[in-house]
Number of protein chains: 2
Amino acid sequence: MGEGLQRILDHLRDCQYRLTPQRRLIVETLLDYSQDHLSAEDLYRIVKRRDPAIGLATVYRTLDLLASLAVLTKVNFGDGCSRFELSAAKRYHHHHHLICEACGVVQGFDEDLLGGLERTIERRTGFRVHDHEVKFYGICHQCRQAAEG
Amino acid sequence: MGEGLQRILDHLRDCQYRLTPQRRLIVETLLDYSQDHLSAEDLYRIVKRRDPAIGLATVYRTLDLLASLAVLTKVNFGDGCSRFELSAAKRYHHHHHLICEACGVVQGFDEDLLGGLERTIERRTGFRVHDHEVKFYGICHQCRQAAEG
DNA sequence: CTTATCAATGATAATCATTTTCATTGAATC
DNA sequence: GATTCAATGAAAATGATTATCATTGATAAG
Ligand SMILES: [Mn+2]
Ligand SMILES: [Mn+2]
Ligand SMILES: [Zn+2]
Ligand SMILES: [Zn+2]
């Protein structure tokens, strides 16, 4: 439990940032909700239950800070706000997102399988790929079954 | 020249939308700037030169309309506003975007080469893929050369 | 354990992209 | 040419995010 938490808090301290209770609470909550894609507002609502005095601005600032440290990744699903998720370990690229056009559910897909494409891009264009962000739009398994077939 | 323009205007009329001079001007301009990724504000500024009376709300409304008809695709490069580009023909998926982390340039990459990955996703998760949105982050050819090589 | 420092916080106001409202205009139809 | 109602432009409203600023408190020195 303290595993990932400790690593992140250490990272903050190593970068000279202060370990405030608000930051600790926010990081703990992000780990608790590591399967979700929380917006600042989502996170604020959750975190407020444990610290009713916390400010929305602090949530925004902390999310920005963690994203700047690459602890978090900011993602945009086109619903009018930024969402955040824990980043993959340094040597992995970010997982893909499968977005159901029927029910809106977002699921992750872990294998990236893009090495070949990235090498092709580099060969043909000279563009050196560092990372990618991939979204697939379609119909999830549940919705396909619900639609009979 | 009237080629793509006429097809889009016909599409509007077929869907019972009125062919106003504002819509015609906006579509013409989008075709003129088909290599770019214009924001509503960008487009407004350009279009205002030919019709100083045009309103920003009309630009927003027309972009929404064209996106709802799949004439345009809305893309988000994380710079605080939505951007638009002409959609690929119906049977093609959208092209990929290569985004340079050094100079910010966005270039397209046309072959999608994701058929295999999409089949793998469908096989393993039951998710039926209709389309994708793919961004690669890295360093463009120019910037790599500028950085010595 | 104090004390001093200055980063961090919370409340609030400000920004900025986008949307809504509403009176007026004009494209399409007959 | 007259009718109708979708489309427009100006302006206000909205909503996410950011900036401001007085106050607080984490951290490090004494
Ligand atoms: Mn995810
Ligand atoms: Mn493009
Ligand atoms: Zn679904
Ligand atoms: Zn570059």
Side-chain angles (χ1 to χ4, degrees), chain A residues 6 8-29 37-69 71-84, chain B residues 6 8-29 37-69 71-84:
Chain A
Q6 202 51 56
I8 295 171
L9 297 182
D10 287 350
H11 190 182
L12 277 175
R13 183 161 356 83
D14 291 349
C15 297
Q16 324 285 326
Y17 294 109
R18 297 187 179 176
L19 256 55
T20 64
Q22 293 89 342
R23 285 177 176 169
R24 186 184 304 269
L25 173 56
I26 287 171
V27 172
E28 283 173 7
T29 304
H37 303 97
L38 300 178
S39 66
E41 197 72 45
D42 290 341
L43 182 58
Y44 176 60
R45 217 174 296 122
I46 295 167
V47 114
K48 219 170 164 36
R49 299 200 293 250
R50 284 217 265 157
D51 176 1
I54 201 168
L56 178 57
T58 297
V59 172
Y60 272 102
R61 283 185 289 237
T62 305
L63 287 171
D64 276 356
L65 175 62
L66 294 173
S68 78
L69 297 176
V71 169
L72 294 181
T73 300
K74 189 190 286 201
V75 284
N76 187 302
F77 293 123
D79 63 345
C81 62
S82 292
R83 296 179 172 277
F84 295 83
Chain B
Q6 203 50 57
I8 296 172
L9 298 182
D10 286 348
H11 190 182
L12 278 175
R13 184 161 354 84
D14 291 349
C15 297
Q16 325 284 326
Y17 293 108
R18 297 187 180 176
L19 254 55
T20 65
Q22 293 90 339
R23 285 177 175 167
R24 186 185 304 270
L25 173 57
I26 287 172
V27 172
E28 282 174 8
T29 304
H37 303 96
L38 301 178
S39 66
E41 196 72 43
D42 290 340
L43 182 59
Y44 176 60
R45 215 173 300 121
I46 295 167
V47 116
K48 218 170 162 42
R49 299 201 293 250
R50 283 218 265 158
D51 176 1
I54 200 168
L56 179 56
T58 297
V59 172
Y60 273 101
R61 282 185 289 236
T62 305
L63 287 172
D64 276 357
L65 175 63
L66 294 173
S68 77
L69 296 176
V71 169
L72 293 181
T73 300
K74 188 190 287 201
V75 285
N76 188 300
F77 294 124
D79 63 344
C81 62
S82 293
R83 295 179 172 279
F84 295 83

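Just so we're on the same page: letters track the sequence lines, and every chain starts at 1. None of the values given here were measured: they were computed from a predicted structure. Note that these values count all heavy atoms, side chains included, but never hydrogens, waters or copies made by symmetry.
Residue B:Val47 forms a side-chain contact (heavy atoms from CB on, under 4.5 Å) with just one option from B:Leu38, B:Leu25, B:Thr62, and that option is B:Leu25.
Rounded to whole Å, atom C1' of D:dG15 lies 15 Å from atom OH of A:Tyr44. Atoms CG (B:Leu66) and P (D:dA7) sit 12 Å apart, rounded to a whole Å. Look at CD1 on B:Ile54: it is 8 Å from P on D:dT8, rounded to the nearest Å. Going from atom CG of B:Leu63 over to atom P of D:dA7 covers 15 Å, rounded to whole Å. In this structure, CZ of B:Phe84 is placed 11 Å from C1' of C:dA17, rounded to the nearest angstrom. For the pair A:Asp51 CG and D:dT24 P, the interatomic distance rounds to 16 Å; values are reported in whole Å. If you take CG of B:Leu25 and P of D:dG9, they are 10 Å apart, rounded to a whole angstrom. Taking atom CG of residue B:Leu12 and atom C1' of nucleotide D:dA7, one finds them 12 Å apart after rounding to whole Å.
Less than 4.0 Å separates DNA chain C from at least one heavy atom of each of the following residues of residues 13-22 of chain A: A:Tyr17, A:Arg18, A:Thr20, A:Gln22.
A:Asp64 and A:Arg61 are not joined by a salt bridge, as no carboxylate oxygen comes within less than 4.0 angstrom of a charged side-chain nitrogen.
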**Asked** When you look at A:Glu41 and A:Val59, which way does the side chain to side chain contact (heavy atoms under 4.5 Å, CB included) test go after all the steps?
**Response** CA-CA 8 Å; A:Glu41 197 72 45; A:Val59 172; over 6 Å; no
**Request:** Under the side chain to side chain contact (heavy atoms under 4.5 Å, CB included) rule, what do B:Cys15 and B:Leu69 come out as? Steps first, then yes or no, please.
**Result:** CA-CA 9 Å; B:Cys15 297; B:Leu69 296 176; 4.1 Å; yes
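A donor-acceptor contact shorter than 3.5 Å links the side chain of A:Asp42 to the backbone of A:Ser39. Using a distance-only test at 3.5 Å, with no hydrogens or angles considered, no donor-acceptor pair links the side chain of A:Thr58 to the main chain of A:Ile54. Side-chain N or O atoms of B:Arg23 include one that pairs as donor or acceptor with a backbone N or O of B:Arg18 at under 3.5 Å.
Of the listed nucleotides (D:dG9, C:dG10, C:dT18), D:dG9 has the atom at the smallest distance from the side chain of B:Thr58.
The residue among B:Arg83 and A:Lys48 whose nearest nucleotide of DNA chain C lies closer to the 5′ end is A:Lys48.
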**Prompt:** Going 5' to 3' along nucleotides 19-25 of chain C, which nucleotides have protein heavy atoms under 4.0 Å from the base (write B), which only from the sugar-phosphate (write S), and which from neither (write -)?
**Reply:** BBB----
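Note on B:Ser39: nothing from the nucleic acid sits closer than 4.0 angstrom, heavy atoms only.
The CD1 atom of B:Ile26 lies 11.0 Å from the OH atom of B:Tyr44; values are rounded to the nearest 0.5 Å.
In summary, the aromatic rings of B:His37 and B:Phe84 are positioned with their centroids too far apart to meet the 6.0 Å limit.
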